Enquirer: 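Dropping a structure here in structure tokens format, bear with me for questions.
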Amino acid sequence: MIRYDIKDIKLSKAGKLRIEWAGSQMKVLDLIRQRFVKEKPLKDITLGACLHVTAETANLMIALKEGGASLALCASNPLSTQDDVAASLVEDYGIPTFAIKGEDKDTYYKHLNTVLDFNPQVTMDDGADLVTLLHTERNHQLNQVIGSSEETTTGVIRLRAMLKDGTLKIPVMAVNDSNTKHMFDNRYGTGQSTIDGIIRATNVLLAGKKFVVVGYGWCGRGLAQRARGMGSQVIITEVDPLKALEAVMDGFEVMPVSEAVKEADIICTATGNKTVLSVEHFKKMKEGTIVANTGHFNVEFDYEGLIKLSINRRQLRDNLEEVTLKDGEKIFVLASGRLINLASAEGHPPDVMDMSFANQALAAEFLVQNKNKLKAGVYTVPQELDDMIAKLKLESLGIRIDKLSKAQKKYLSSWNEGT
Ligand code: ADE
């Protein structure tokens, strides 16, 4: 009997079909899984993962298990769990899973603690919550941890802050920093799944709407591109001059957020920072403005502050709340400010998670191969592995590219040939 805490084990049949479909789109991860079956690089390793419990994550868990690891999985967000997938992970794949969509904060942390009760030597995070717990309440366990890996920008920012103030005591692989992760998952994955989440929550027409994207990092630019593709007039707000300039030259209107909120029909935050939309911004919004967040944590806009301003609230549809302010104006908030692409849609499509999770699987293998050799710190996945993932992804798509000739290679490594 394996341990688990999920919504309903009877949902497993639907979950398994969903896992299999996602798996059919994850060709690079599958190649790694096939090698893992033969080589068992994670033999005798207990791996604790705190990731969004989706069909894509299930395929990563399967690959790690086939690589020899014993696993325990919990959710990295209270709203992102696919309950049928969680059921199938337990029933069909024998993976201890602790995740229930909509779990409250106490249950969320209880689940994280349960994963750490398995005494993992390797941990895997999306947002750095396990690593944080390991460096605070559970720091007695740190000496048995070989290392960890981190999926997302927000988590990597937290880890670098821990490293800077001397808190970080283990090596952590910043999977987010691989090119085959952030250039694709953050951009195309967030772009598509955020639009998907907004549409599922509201069913509004995007064509002709003024769509404000707060933040022009990889996620913001992916979202901006896709919103434009749906016919919205896209406005970008930024604090970084270089990114703002890129947005201008990519053809977007750029202005301060305090002005953009007055024009917006839809606003979506994508910054990784806190309170980028404050109560003052809510007061300036037009009647009927739709507000969403696609950043990792629900701190990007001041939802609690907005609620304090309200005189009435109604849940109109799943993930769509009407908030009436004192002057009668209505603001529509999606998923209470939780990440809209996973709360209201299914997160990034499997094709793109394929590369992210190929990086995760190889990062776990790298940590085990380099046990006791890496100092505490934040590491990137080695360039050759990142390049190999790109190559395998192209192959899986049936796309061939050119090779440098000998003369070209020589030219690129020399300096004495000019005009
Ligand atoms: N992060 C964003 N989309 C995801 C997905 N589909 N599965 C796991 N983590 C994700």
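Nothing fancy with the numbering, it's 1 onward along the sequence. On a predicted model such as this, the values are computed, not experimentally measured, just so you know. Indexing begins at 1, ligand by ligand and atom by atom, following the structure's order.
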Enquirer: Over 60° means perpendicular and under 30° means parallel, so classify the ring planes of F282 and F301, tilted if in between.
Expert: perpendicular
Enquirer: Atoms of ligand 1 less than 4.0 Å from G347 heavy atoms?
Expert: 3 (N), 6 (N)
Enquirer: Enumerate the atoms of ligand 1 whose separation from the nearest heavy atom of E346 is less than 4.0 angstrom.
Expert: 6 (N)
Enquirer: Evaluate salt bridge (charged side-chain N to carboxylate O under 4.0 Å, His left out) for K283 paired with E329, printing each intermediate quantity in order.
Expert: CA-CA 9 Å; K283 286 183 186 160; E329 191 177 292; over 6 Å; no
Enquirer: Is the contact between L342 and ligand 1 made by the side chain, the backbone, both, or neither, using heavy atoms and a 4.0 Å cut-off?
Expert: side chain
Enquirer: Pick one of side chain, backbone, both or neither for how E56 approaches ligand 1, counting any non-hydrogen atom pair under 4.0 Å.
Expert: side chain
Enquirer: H52 and H296: aromatic ring centres closer than 6.0 Å?
Expert: yes
Enquirer: Assess E151 for proximity to ligand 1: is some non-hydrogen atom of it under 4.0 Å away?
Expert: no
Enquirer: Please list the nearest protein heavy atom to atom 1 (N) of ligand 1 with its residue and the distance rounded to 0.1 Å.
Expert: H52 CD2, 3.6 Å
Enquirer: Closer than 4.0 Å to some heavy atom of T57 - which atoms of ligand 1 meet that?
Expert: 7 (N), 8 (C)
Enquirer: Can you confirm whether L133 sits close enough to E137 that some side-chain heavy atom of one is under 4.5 Å from a side-chain heavy atom of the other?
Expert: yes
Enquirer: Return the closest protein heavy atom for atom 3 (N) of ligand 1 as residue, atom name and distance.
Expert: H348 N, 2.8 Å
Enquirer: Who's the nearest protein heavy-atom neighbour of atom 10 (C) of ligand 1, and how far?
Expert: M353 CE, 3.6 Å
Enquirer: What pair of heavy atoms forms the shortest contact from A22 to E56, and how long is it?
Expert: CB-OE2, 3.8 Å
Enquirer: Less than 4.5 Å apart, any side-chain heavy atom of K10 and any of E91?
Expert: no
Enquirer: Out of T54, L51, D185, T190, who is nearest to atom 5 (C) of ligand 1 when you count heavy atoms only?
Expert: T54
Enquirer: Under a 4.5 Å cut-off applied to non-hydrogen side-chain atoms, are E263 and M255 in contact?
Expert: yes
Enquirer: D84 pairs by salt bridge (Lys or Arg N to Asp or Glu O under 4.0 Å) with which of K16, K13, R18?
Expert: R18
Enquirer: By number and element, which atoms of ligand 1 are closer than 4.0 Å to a non-hydrogen atom of F357?
Expert: 8 (C)
